[in-house]
Amino acid sequence: MLRLAVIGSENSGKSTLTFAFGNYVRKQGLSCELGNFDAGCKRAKYKATFDIRHHHALSKRTREEHVEVALKKIYTELADDDSVRREITDKKASIVILDCRGGAELFLSNGPARFLKRYADAVLLVFDSTECATESEYALHEGLAKLVSKATGVKCTAVANKYVSRDAPTQTRLLSIPTPIKHAEDGVLRANAVEGTGFRELFKHVARML
Ligand SMILES: Nc1nc2c(ncn2[C@@H]2O[C@H](COP(=O)(O)OP(=O)(O)OP(=O)(O)O)[C@@H](O)[C@H]2O)c(=O)[nH]1
Ligand SMILES: [Mg+2]
């Protein structure tokens with residue numbers, strides 16, 4: 001079984017990717033379960049077989065403390081919570097995707113890093129490629145993924161989401177029709193969670209770790 005944690009900044013498309021890639025994994029003949037690890041999630045985007053909101057509510061804590069502080073505490077508590085960890089480890093699916101709240105910076109700190117170390121076998125650091133003006137921003141996320149790997153001991157790979165190939169004709173890009181996504185030479189995977197493109201490479205990447 002592979003526990004795949006999805007992390008990344010707000011609105012990068014973590015939940016959409018979790019749901020769509022989960023369906024893709026099932027189409028490849030593997031069983032896949034989804035876990036919501038966003039304690040502040042207001043509306044679920046998919047049917048999760050694990051929901052952190054049954055254990056921790058972010059809104060209760062944020063009345064008294066800053067959201068980042070509250071998140072750190074939740075992940076720190078989870079890291080040592082063997083009963084919750086067992087709920088994930090005991091799943092029978094080939095792949096369990098953990099849709100986590102928080103970006104690379106959060107998971108570089110002690111408690112959250114230990115959470116990933118104990119709950120995940122691999123991590124995807126999702127970022128919004130439409131917010132990247134230059135290739136160097138891809139390199140930045142690739143670097144952040146490496147730092148997460150180092151801090152957690154779990155392999156973390158950057159995924160440029162909302163990606164539409166720049167080689168696509170203008171009209172294709174404007175209409176956002178699925179375009180073939182070139183193999184990532186730079187170690188950053190490309191995907192478009194809405195169009196479902198880039199999933200073949202992403203699946204190959206994940207399957208190598210099974
Ligand atoms: N065009 C495009 N839109 C996307 C893609 N993935 C996600 N979105 C949109 O981006 C928005 C945010 O997606 P979510 O999946 O909620 O992102 P998230 O990272 O889970 O967000 P939070 O949990 O709120 O931090 C939604 O409006 C999605 O429809 C994509 O690949 N392409
Ligand atoms: Mg989400």
Side-chain angles (χ1 to χ4, degrees), residues 1-19 21-22 25 31-127 141 144-159 161 206 209-210:
M1 191 244 263
L2 184 90
R3 298 163 303 163
L4 182 66
V6 176
I7 66 169
S9 51
E10 238 178 281
N11 214 42
S12 55
K14 301 178 292 296
S15 301
T16 310
L17 186 82
T18 296
F19 176 62
F21 187 60
V25 167
S31 53
C32 181
E33 289 191 39
L34 313 180
N36 172 44
F37 274 82
D38 180 351
C41 170
K42 293 208 176 69
R43 204 153 28 95
K45 293 215 153 127
Y46 48 81
K47 197 172 165 289
T49 53
F50 172 87
D51 198 326
I52 193 59
R53 292 175 298 177
H54 297 150
H55 303 270
H56 295 275
L58 188 64
S59 59
K60 262 193 213 158
R61 297 184 185 236
T62 49
R63 281 180 216 132
E64 279 145 35
E65 51 200 12
H66 190 269
V67 58
E68 292 295 314
V69 175
L71 277 176
K72 258 186 210 173
K73 286 187 182 169
I74 290 174
Y75 282 121
T76 306
E77 283 171 36
L78 281 172
D80 294 317
D81 192 332
D82 284 329
S83 79
V84 173
R85 199 169 73 95
R86 237 175 285 122
E87 272 190 59
I88 300 299
T89 342
D90 286 353
K91 298 239 176 275
K92 294 284 177 277
S94 305
I95 298 184
V96 179
I97 309 180
L98 317 175
D99 178 12
C100 301
R101 175 150 178 169
E105 294 83 352
L106 177 76
F107 289 100
L108 291 177
S109 60
N110 254 326
R114 218 151 46 82
F115 160 79
L116 285 183
K117 189 197 238 17
R118 302 205 72 216
Y119 280 70
D121 305 301
V123 181
L124 298 178
L125 170 62
V126 177
F127 65 97
H141 289 94
L144 284 171
K146 281 198 182 122
L147 288 176
V148 172
S149 300
K150 211 170 158 200
T152 61
V154 182
K155 187 172 168 56
C156 176
T157 311
V159 179
N161 188 38
V206 170
M209 293 185 273
L210 266 175

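Source: prediction; values computed, not measured. As a basis for the values below, the full set of heavy atoms in this structure was taken, side chains included, without hydrogen atoms, waters or symmetry mates.
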Just wondering, more than 12 heavy atoms not from Asp80 lying within 6.0 Å of its CG? yes
So do the side chains of [X] and [Y] get within less than 4.5 Å of each other, counting heavy atoms only?
X      : Y      : value
Glu87  : His55  : yes
Glu65  : Lys73  : yes
Arg118 : Asp82  : yes
Phe115 : Cys100 : yes
Val96  : Phe50  : no
Leu58  : Leu71  : yes
Lys72  : Leu106 : yes
Thr157 : Val123 : no

Interatomic distance, [X] atom [atom1] to [Y] atom [atom2] [nearest 0.5 angstrom]:
X      : Y     : atom1 : atom2 : value
Cys156 : Ile7  : SG    : CD1   : 5.0 Å
Thr49  : Leu34 : OG1   : CG    : 6.5 Å
Ser31  : Lys92 : OG    : NZ    : 11.0 Å
Ile97  : Ser15 : CD1   : OG    : 11.0 Å
Leu98  : Thr18 : CG    : OG1   : 8.5 Å

When you check the side-chain N and O atoms of Asp81 and Ser83, is any donor under 3.5 Å from an acceptor?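 Result is yes, a qualifying pair exists.
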Which residue pairs pass the side-chain hydrogen bond (donor to acceptor under 3.5 Å, both in side chains) test when at least one of the two sits in residues 34-46, sequence neighbours left out? Asn36-Asp51, Asp38-Arg101, Tyr46-Asp99
Of all the heavy-atom pairs spanning [X] and [Y], show the shortest one and how long it is.
X      : Y      : answer
Thr76  : Pro112 : OG1-CD, 4.2 Å
Gly13  : Asn161 : CA-ND2, 3.6 Å
Leu116 : Ala5   : CD2-CB, 3.7 Å
Ala113 : Ala151 : CB-O, 3.9 Å
Lys155 : Met209 : CD-SD, 4.3 Å
Ser9   : Ser12  : O-OG, 2.7 Å

Any salt bridge (charged side-chain N to carboxylate O under 4.0 Å, His left out) pairs touching residues 2-15, not counting sequence neighbours? Arg3-Asp121
Salt bridge (charged side-chain N to carboxylate O under 4.0 Å, His left out) partners for Glu77, two or more places apart: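 Glu77 satisfies salt bridge (charged side-chain N to carboxylate O under 4.0 Å, His left out) with Arg61 once adjacent residues are dropped.
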Main-chain N/O of Ala145 paired with Ser149 side-chain donor or acceptor, under 3.5 Å: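 Yes, Ser149 side chain to Ala145 backbone: donor-acceptor pair under 3.5 Å.
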Which is it for Phe37 and Ile88 under the side-chain contact (heavy atoms from CB on, under 4.5 Å) test, yes or no, and what are the steps along the way? CA-CA 11 Å; Phe37 274 82; Ile88 300 299; 3.8 Å; yes
Evaluate the criterion side-chain contact (heavy atoms from CB on, under 4.5 Å) for residue pair Leu144 and Phe127; output intermediate values, then yes/no. CA-CA 11 Å; Leu144 284 171; Phe127 65 97; over 6 Å; no
Between Phe107 and Tyr75, is the ring centroid distance below 6.0 Å?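 Yes: the rings meet the under 6.0 Å criterion.
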